[in-house]
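These figures come from a predicted structure and were not determined experimentally.
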Amino acid sequence: MLRLLDRLIYREIVGPWLFGVGLFTALIMAGTYLNRLAEYLQNKVPVGLVLELSALFIPAILVKTFSMAVLLAALLAFGRLSSDSEIVALRAGGASIARIVRPVMVFSLVVAVFTFAFNEAVVPNATARSLELMNRIASELNPTAPRPIAYTVMEKSKLKAFITAENISPATKTLSGVTIIAFNDEGDETFMMKAKEIADLDLKDPSSWRVRGGARLISADFQTVVDVPTQIWPTQVPRPNQPFEEVVKQGRPEFDAMSMTQLQELIRESKRLGNHSKPDIANFEYGYWSKISVPLAALVFGTLGAVLGIRGHRTGTSTGFALSIAIIFGYVTLANFMNVWAMGGVIPAYVASFTPLVVGMVVALFIMWKRNG
């Protein structure tokens, strides 16, 4: 009987899960990327390139929708089983709520493992390629448009310099129209340097940054003004402590474009060099642990959806969808609060990442206990 129960629930949940994956993926795609893709088509970007970009966006979305869809599938499946009195019959046959829900938990765990593997093997390459294509499209649409950036130089988690540039040139690894403000350990301004250009001459060595076209160095009290020749970097001003590619990213990595190993290396180097602030490092750590917590959300959502779906009447698609949206919204809101507290140093990043999962599972187990009584 129990094996028949497992097969029954698996049949009930697979179809709604696939439906949920398609539904949530379409909604997130439309809400996040549709306007951008439409703008590309309006600007006569080749259709093939737009289609490739659309396909590259999907893997990162799927990592989130796999878990969301488990919640909707569990709500719909158990709502139908409840409405047909099959849950009542199973309870009368001696099956506990925990035993009835177990196939959903197994299915959710399989989804979680697959999501983790997919997020590590497929998403980083797809996201990196999509960023590359978007940069290329932006350059081709308006090649003469300036691309200003701002960048902070951190040492031992202290601000040492603030750099602004009017434009970046990837071809020559150059920043132009540069202003650099230097700070001492107390956070006071010491010097300002205005340079026509600064360039990264060796992408593997951040200390290779040099002035091009000359520069002017001005002390904070305006008593000292020195002309800086080409190919020199004044000792009074900290230079960028990262290669060109990292500088133009403004020190904010795209987590979807990185594997856990790459994120771990970023965190290790940031702590060693002190080139990022403590809130930034906490955010990196939160992103690292989220590589595990986001897939595991499938297990929590599946369990919660199953116990909530056991009721005296059928849960329709619209009702199940509304309830799943409400739960997902609550989960995301709590996760965002946790991230802010982690960046503020209130709690460790791993605690922030896993707290929403713990809260969700505690709620699910409590509801399971109440309905099993």
Side-chain angles (χ1 to χ4, degrees), residues 15-76 111-112 114-115 118-119 122-138 141 249 252-258 283 286-287 290-291 293-298 300-302 304-305 315-340 353 356-357 360:
W17 179 72
L18 293 173
F19 166 75
V21 169
L23 178 64
F24 285 122
T25 300
L27 288 174
I28 295 176
M29 188 73 174
T32 308
Y33 300 113
L34 188 60
N35 287 340
R36 184 182 304 175
L37 295 173
E39 184 180 344
Y40 287 158
L41 291 173
Q42 185 179 0
N43 285 287
K44 296 182 171 51
V45 174
V47 175
L49 197 58
V50 175
L51 291 176
E52 180 183 357
L53 197 55
S54 302
L56 291 170
F57 288 148
I58 290 176
I61 296 175
L62 288 175
V63 168
K64 303 170 182 64
T65 59
F66 283 157
S67 297
M68 295 178 184
V70 171
L71 174 60
L72 179 61
L75 283 167
L76 295 181
V111 171
F114 175 77
T115 302
F118 185 81
N119 196 26
V122 178
V123 174
N125 291 334
T127 303
R129 174 61 178 163
S130 70
L131 294 172
E132 178 186 335
L133 284 181
M134 285 191 291
N135 288 334
R136 192 176 102 194
I137 291 171
L141 288 178
K249 290 178 183 177
R252 298 176 183 175
E254 177 64 51
F255 294 150
D256 283 340
M258 306 177 73
N283 191 40
Y286 182 83
S290 292
K291 296 281 188 179
S293 64
V294 169
L296 276 179
V300 176
F301 284 163
L304 188 58
T315 302
T317 302
S318 59
T319 304
F321 179 69
L323 185 56
S324 63
I325 288 294
I327 293 171
I328 291 166
F329 178 79
Y331 173 88
V332 172
T333 300
L334 179 58
N336 287 336
F337 273 119
M338 291 292 105
N339 190 15
V340 171
S353 186
L357 298 182

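- Between Ser130 atom OG and Glu254 atom CD the span is 7.5 Å, to the nearest 0.5 Å.
- In terms of heavy-atom proximity, Leu76 sits nearest to Pro16 at CD1-CB, 4.2 Å.
- The main-chain N or O of Ala74 is never found under 3.5 Å from a side-chain atom of Trp17 such that the two would form a donor-acceptor pair.
- We find the CG-CZ distance between Leu49 and Arg136 to be 5.5 Å, quoted to the nearest 0.5 Å.
- Scanning both residues, Val111 and Thr115, for their nearest heavy atoms gives O-OG1, 2.6 Å.
- Judged by distance alone, with hydrogens and angles left aside, the side-chain atoms of Ser67 form no donor-acceptor pair with the main-chain N or O of Phe301 at under 3.5 Å.
- Not one N or O on the side chain of Lys64 forms a donor-acceptor pair closer than 3.5 Å with the backbone of Phe24.
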Self-check item: Worked verdict on Ile61 versus Tyr33 for side-chain contact (heavy atoms from CB on, under 4.5 Å)
Solution: CA-CA 11 Å; Ile61 296 175; Tyr33 300 113; 3.8 Å; yes
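- Within the 3.5 Å criterion, the main-chain N or O of Leu131 finds a donor-acceptor partner in the side chain of Asn135.
- The CE atom of Met68 sits 7.5 Å away from the CD1 atom of Ile325 when rounded to the nearest 0.5 Å.
- Considering Ile327, Val70, Leu357 as possible partners of Val300, the one that fulfils the side-chain contact (heavy atoms from CB on, under 4.5 Å) test is Leu357.
- Taking both residues in full, the closest heavy atoms of Leu75 and Leu323 are given as CD2-CD2, 3.6 Å, listed atom of the first, atom of the second, then distance.
- Side-chain N or O atoms of Asn43 include one that pairs as donor or acceptor with a backbone N or O of Glu39 at under 3.5 Å.
- Just one residue in the list Val45, Val50, Leu51 forms a side-chain contact (heavy atoms from CB on, under 4.5 Å) with Val47, and that residue is Leu51.
- Between Phe118 and Phe66, the ring planes are perpendicular. Angles over 60° get that label, and only those under 30° would be called parallel.
- Taking all atoms of both residues into account, the shortest heavy-atom contact from Leu37 to Ser54 is CD1-OG, 3.2 Å.
- Distance OG1/Thr65 to CG/Leu71: 12.5 Å, rounded to 0.5 Å.
- The one candidate from Asn119, Val21, Val123, Val122 that meets the side-chain contact (heavy atoms from CB on, under 4.5 Å) condition with Leu62 is Val21.
- For the salt bridge (Lys or Arg N to Asp or Glu O under 4.0 Å) test, residues two or more places apart in sequence or in another chain that qualify with Glu132 are Arg129.
- The two atoms that bring Ile137 and Leu53 nearest to each other are CD1-CD2, 4.2 Å, heavy atoms only.
- If you take OG on Ser324 and CG on Leu72, they are separated by 4.5 Å, rounding to the nearest 0.5 Å.
- Taken from CD1 in Ile328 to OG1 in Thr333, the straight-line distance is 11.5 Å, to the nearest 0.5 Å.
- Scanning both residues, Ala335 and Tyr286, for their nearest heavy atoms gives O-OH, 3.1 Å.
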Quiz item: Can Ile28 and Phe57 be said to form a side-chain contact (heavy atoms from CB on, under 4.5 Å), step by step?
Solution: CA-CA 10 Å; Ile28 295 176; Phe57 288 148; over 6 Å; no
